[in-house]
Protein chains: 2
Amino acid sequence: MNAPRTARERARAELTKEILSAAKHQLGEVGPSALSLRAVARELGMASSAIYRYFPSRDELLTALILDGYNDIGSAAEGADDPAAEPGERWLAIWRAVREWSMSHRYEFALLFGTPVPGYAAPQETATAAGRMPLALARVLSDAKAAGKFRPPPGPSCDPSLVEPGMLDLMPGEDLVVDEVARGILAWNRLVGVISFELHGHLNNVTADDAGFFEYTARMEGTVAGVPFGDA
Amino acid sequence: MNAPRTARERARAELTKEILSAAKHQLGEVGPSALSLRAVARELGMASSAIYRYFPSRDELLTALILDGYNDIGSAAEGADDPAAEPGERWLAIWRAVREWSMSHRYEFALLFGTPVPGYAAPQETATAAGRMPLALARVLSDAKAAGKFRPPPGPSCDPSLVEPGMLDLMPGEDLVVDEVARGILAWNRLVGVISFELHGHLNNVTADDAGFFEYTARMEGTVAGVPFGDA
DNA sequence: CACAAAACAGAGCGCCGCTCTTGCCCTGAG
DNA sequence: CTCAGGGCAAGAGCGGCGCTCTGTTTTGTG
């Protein structure tokens with residue numbers, strides 16, 4: 001149904017992909033704010049004005065890249081998750097995969113979680129893609145709960161009015177109560193936050209072993225969220 | 001000693017301040033990546049080339065703004081801290097003050113903790129300014145420990161090789177051991193991270209009451225760090 | 001008062017995002 | 001097969017950007 005029917009449409013779809021790929025390649029070197037539409041055009045050997053036949057503005061191109069990035073990092077998280085493994089192992093595997101992706105795609109990570117382009121408002125279509133990575137984390141919590149391997153330590157409780165009601169039943173399996181969802185949100189926030197700190201250099205002269213500290217963070221955050229670790 | 005001696009130096013120092021102030025004012029509207037040196041010059045009614053007598057490049061201006069921002073947010077944190085109050089109250093007061101500053105200076109916050117300008121490397125001079133805000137948090141922990149009001153819950157331990165040795169004795173009062181320092185680092189990371197999420201819109205359709213969720217986060221993170229709260 | 005140094009304005013370079021015009025060529029209807 | 005219509009690309013151009021270079025004005029001092 002969405003297969004291109006005419007040769008024109010086929011060529012259009014292909015060139016759109018090529019532009020996105022070139023832009024992605026550019027992102028590997030210069031960072032989102034410096035991503036130049038003209039440079040992308042140069043890389044493809046076309047006039048800069050021709051790009052506008054495919055993306056109405058630079059921001060639209062960035063939005064497409066954001067969508068791509070969310071799906072990439074979501075795939076990395078999902079791909080690292082082995083549902084048959086123990087919750088602690090699953091948790092760590094996802095965290096490591098997300099960090100690894102972020103390290104090797106630092107500018108794409110910046111595009112997703114750094115300063116948004118001024119005036120940019122996340123289109124609703126990106127929401128599902130953006131949710132894939134945190135959902136992978138939530139699945140581990142939900143599965144652990146269903147398997148009776150869920151031990152959230154005591155702590156302040158979260159008033160149900162603080163989180164969106166829809167957040168409570170987006171899991172296909174065992175549902176999480178509001179306190180558990182809140183800690184899941186915090187874990188997602190932590191995963192992004194600690195990688196941001198590392199990438200932005202805020203941990204320079206603070207931590208001595210970034211990978212090791214990340215591992216510690218993953219365990220700590222998992223523990224707070226309720227994931228049991230064998231050695232903890 | 002650093003008072004300007006000649007009228008010229010006085011004028012130069014004043015104009016430097018004016019440029020910085022105008023740039024700060026610009027930052028209130030457009031965001032770091034869009035901060036235009038020419039616009040700053042226009043606001044001051046001078047030629048854009050004249051700015052270069054005071055700041056050798058746009059990045060140098062941004063660095064000056066970063067230093068200013070770190071001191072601002074550090075002052076906000078320190079100013080909100082009443083050393084005579086209970087640890088829990090101090091903790092919450094600092095968190096609230098930092099959030100409030102960040103909300104009303106969102107672009108300066110982005111400048112400090114968002115995507116760094118490409119190729120920017122934090123000069124060492126900014127380190128002490130950048131440390132003021134987290135140090136305010138650490139002081140609460142240290143004081144609480146000295147007063148016997150320090151109750152860090154169990155959790156994974158942090159290997160001493162993971163944090164910089166200097167981090168262990170930068171407190172004038174009661175020293176913190178590595179596990180406590182590690183949790184302090186995480187609390188600092190959380191404070192920045194949760195504000196980033198809120199400012200960047202990642203909590204849209206996730207939390208329903210951002211201020212309330214922040215309050216919950218502050219309590220949760222304080223609890224993990226070892227701060228006792230009366231009602232928790 | 002004369003003079004060197006500091007400050008400044010303006011033009012200009014190459015880059016940017018974006019628009020408009022021009023012409024090509026593929027497509028599908030007559 | 002012919003031929004108009006439309007998708008398409010290229011180029012010039014607009015205003016703005018960071019930054020530099022060149023003269024001119026201002027300023028403090030011997």
Side-chain angles (χ1 to χ4, degrees), chain A residues 2-20 22-23 25-27 29-66 107 111 115-121, chain B residues 3-20 22-23 25-27 29-66 107 111 115-120:
Chain A
N2 55 359
R5 316 190 60 89
T6 79
R8 240 206 251 276
E9 281 175 11
R10 178 187 312 269
R12 181 179 182 81
E14 237 171 65
L15 228 178
T16 304
K17 273 187 191 169
E18 270 183 53
I19 292 173
L20 247 121
H25 178 251
Q26 278 272 324
L27 249 196
E29 314 189 334
V30 291
S33 71
L35 192 148
S36 152
L37 214 146
R38 287 173 118 116
V40 172
R42 268 195 301 272
E43 187 172 321
L44 266 60
M46 57 168 65
S48 67
S49 57
I51 303 273
Y52 288 85
R53 297 236 151 237
Y54 300 85
F55 294 94
S57 77
R58 176 178 172 277
D59 282 4
E60 293 283 334
L61 211 180
L62 283 181
T63 299
L65 286 174
I66 288 175
Y107 291 124
L111 189 61
T115 312
V117 284
Y120 157 87
Chain B
R5 315 190 61 90
T6 79
R8 210 170 225 159
E9 281 175 9
R10 177 187 314 269
R12 180 179 181 82
E14 238 171 65
L15 227 179
T16 304
K17 271 189 194 168
E18 270 184 53
I19 292 173
L20 247 121
H25 177 250
Q26 278 273 323
L27 250 196
E29 314 189 335
V30 291
S33 71
L35 191 148
S36 152
L37 214 146
R38 287 174 118 117
V40 172
R42 266 195 303 271
E43 186 172 323
L44 266 60
M46 56 169 65
S48 67
S49 57
I51 303 273
Y52 288 85
R53 299 240 150 231
Y54 299 86
F55 294 94
S57 78
R58 176 176 171 277
D59 281 3
E60 293 283 334
L61 211 180
L62 283 180
T63 299
L65 286 174
I66 288 174
Y107 291 125
L111 189 61
T115 312
V117 283
Y120 158 86

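Letters go in sequence order (proteins before strands), and every chain restarts at 1. What you see below is based on every heavy atom in this structure, not just the backbone, and it leaves out hydrogens, waters and symmetry mates.
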Nucleotide-resolved protein contact map, nucleotides 5-18 of chain C, B/S/- at heavy-atom distance under 4.0 Å: BBBBBB-B---BBB
Round to a whole Å and report the spacing from CD of A/Glu9 to P of C/dT27. 11 Å
To the nearest Å, how far apart are B/Phe55 CZ and D/dC19 P? 13 Å
Which residue is it: A/Val40, A/Leu65, A/Leu62? I am looking for the one with a side-chain contact (heavy atoms from CB on, under 4.5 Å) to A/Leu27. A/Leu65
Which residues share a side chain to side chain contact (heavy atoms under 4.5 Å, CB included) with B/Glu43, sequence neighbours left out: B/Ala22, B/His25, B/Gln26
B/Ser49 meets the side chain to side chain contact (heavy atoms under 4.5 Å, CB included) criterion, sequence neighbours left out, with B/Ala47
With sequence neighbours left out, what residues match B/Glu60 under side chain to side chain contact (heavy atoms under 4.5 Å, CB included)? B/Pro56, B/Ser57
Just to verify, what does B/Thr16 make a side chain to side chain contact (heavy atoms under 4.5 Å, CB included) with, not counting sequence neighbours? B/Arg12, B/Leu20, B/Tyr54, B/Phe55
Atom-to-atom span, CG of B/Leu62 to C1' of D/dC17 - whole angstrom: 14 Å
